[in-house]
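Letters A, B, ... are given to chains in the order of the sequence lines, protein chains preceding strands, and every chain is numbered from 1. Model, not experiment: these values are computed from the prediction.
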Number of protein chains: 2
Amino acid sequence: MLNMRSILAMFHRILTGMSHSNEKDGFELSKTRRTLPMALLRAREAVMERFRPLLQAHGVTEQQWRVLRVLKEAEETDASDLAEAASILAPSLSRILKTLEARAFIEARKDPTDGRRALIRLTPEGHAFIRQIAPESAAIYAELEARVGRVRIDSLLDDLEALMTALEQI
Amino acid sequence: MLNMRSILAMFHRILTGMSHSNEKDGFELSKTRRTLPMALLRAREAVMERFRPLLQAHGVTEQQWRVLRVLKEAEETDASDLAEAASILAPSLSRILKTLEARAFIEARKDPTDGRRALIRLTPEGHAFIRQIAPESAAIYAELEARVGRVRIDSLLDDLEALMTALEQI
DNA sequence: TCCATTAAATTAACATGTTAATCAAATGAT
DNA sequence: ATCATTTGATTAACATGTTAATTTAATGGA
């Protein structure tokens with residue numbers, strides 16, 4: 001990693017420093033790294049990195065796992081609520097549900113009181129699959145919590161909640 | 001929105017409550033909403049919602065815009081550094097660079113000292129494009145900052161930074 | 001009751017995320 | 001100098017993100 005080339009590149013960066021030759025006019029962009037979108041993206045990336053090996057080992061994507069978890073908490077829901085709860089757009093959810101149904105982890109039926117709505121629930125196989133992964137997933141989260149500190153995580157979760165409340169338009 | 005059906009659904013949720021019939025064994029999954037991955041995802045979504053109309057109006061995706069911004073701060077970089085700085089995986093970056101090059105916003109050349117490396121920089125057109133969007137983008141961020149509070153945002157950014165530091169494995 | 005409108009879900013089309021495989025160039029040890 | 005190894009970048013293949021269009025069912029007013 002520390003070959004001659006990267007050392008020279010480091011020198012270059014240090015020497016050129018902040019000479020970005022940007023004119024200020026009062027509405028400048030912030031440094032990209034120090035913005036909410038980038039910081040949230042990178043933080044999430046750092047967290048998910050720890051879960052990916054587990055999910056991949058069991059052949060589910062992050063999104064599929066989210067759908068399964070939400071369904072476990074919800075017993076039976078329609079697709080709209082499911083999409084909202086899992087933060088997945090409707091078109092993506094349509095495809096994901098097909099995949100999960102093909103694996104027999106979920107089953108769907110029409111809402112008898114509203115023919116447009118699809119009601120989704122876990123099958124016993126789906127429940128079993130979650131039971132199989134949940135302990136490892138929880139262990140990873142516990143290790144992460146130990147490393148970061150529960151207090152810090154809780155305060156971070158509260159701040160994120162506050163951010164979203166502040167951004168709620170309507 | 002508040003039709004009879006959704007009111008009945010609300011009653012159902014209230015009545016069924018937390019009766020999820022899950023056995024506790026010490027390694028339970030957290031409530032999906034109250035986890036770092038979900039909270040970070042939702043928060044980012046809430047923030048990006050405000051920028052999407054602007055980006056769409058100018059025909060760039062969120063990722064393309066990130067690349068342009070990083071390039072503006074960096075003068076000239078190789079693809080690896082660019083990918084890292086914009087939090088975009090190498091394969092995605094390859095495709096994005098093609099798109100941006102087709103629009104003449106960037107130009108690429110081989111690193112003369114290392115034939116594998118691609119050096120990327122903005123063209124004058126790319127600079128002009130950024131100048132065109134930057135004020136509106138900064139204005140949106142300023143409005144967001146006013147709504148959330150600069151202090152809260154700064155503390156959030158610091159916490160996110162701390163989270164990533166705590167998660168740095170190596 | 002009829003029909004225009006609204007709503008839930010899917011499909012379409014294109015961009016990106018993700019991992020694996022490939023290719024070309026540089027590196028390092030012999 | 002040679003060759004196996006490593007590295008930077010691209011391509012491949014499939015899943016999801018994103019917006020628009022479409023389909024089907026429900027709703028609401030004449």
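- Annotation: side chain to side chain donor-acceptor pair (under 3.5 Å) contacts of A:Arg121 (sequence neighbours excluded): A:Glu76.
- Legend: residues meeting salt bridge (Lys or Arg N to Asp or Glu O under 4.0 Å) with A:Glu101, ordered by chain and number and at least two apart, are absent.
- The nearest whole Å value for the distance from the CG atom in A:Asp81 to the P atom in C:dA8 is 10 Å.
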Please produce a list of atom pairs where a protein N or O lies less than 3.5 Å from an N or O of nucleotides 17-20 of chain C.
unit_1	atom_1	unit_2	atom_2	d
C:dG17	OP2	B:Ser92	OG	2.8
C:dG17	N7	B:Arg95	NH2	2.8
C:dG17	O6	B:Arg95	NH1	3.1
C:dT18	OP1	A:Arg52	NH2	2.9
C:dT19	O3'	A:Gln56	NE2	3.1

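- Using a 4.0 Å cut-off, some side-chain N or O of B:Lys98 falls inside it from OP1 or OP2 of D:dT11.
- Residues that satisfy the ring pair (Phe, Tyr, Trp, His ring centres under 6.0 Å) test with A:Phe51, not counting sequence neighbours, are absent from this structure.
- With C:dA15, D:dA9, C:dA9 as the candidates, the nucleotide lying closest to the side chain of A:Asp78 is C:dA9.
- Residue B:Gln64 contributes atom CD, which lies 15 Å from atom P of C:dC14 at whole-angstrom precision.
- Nucleotide C:dA25 holds its P atom 13 Å from the CG atom of B:Asp111, rounded to whole Å.
- Here the side chain of B:Arg42 pairs no donor or acceptor atom with the backbone of A:Met164 at under 3.5 angstrom.
- In this structure, of D:dA15, D:dG8, C:dA9, it is C:dA9 that holds the atom nearest to the side chain of A:Arg117.
- Every residue was checked against the side chain to side chain donor-acceptor pair (under 3.5 Å) condition with B:Arg152, not counting sequence neighbours, and none meets it.
- The side chain of B:Arg116 has C:dA26 as its nearest neighbour among C:dA26, C:dA8, D:dA9.
- When distances are taken from the side chain of A:Ser94 to each of D:dA25, D:dA9, C:dA9, the shortest belongs to C:dA9.
- Out of D:dT16, C:dA25, C:dA9, the shortest distance to the side chain of A:Thr61 is found at D:dT16.
- Every residue meeting the side chain to side chain donor-acceptor pair (under 3.5 Å) condition with A:Glu45, not counting sequence neighbours, appears here in chain and number order: A:Arg52.
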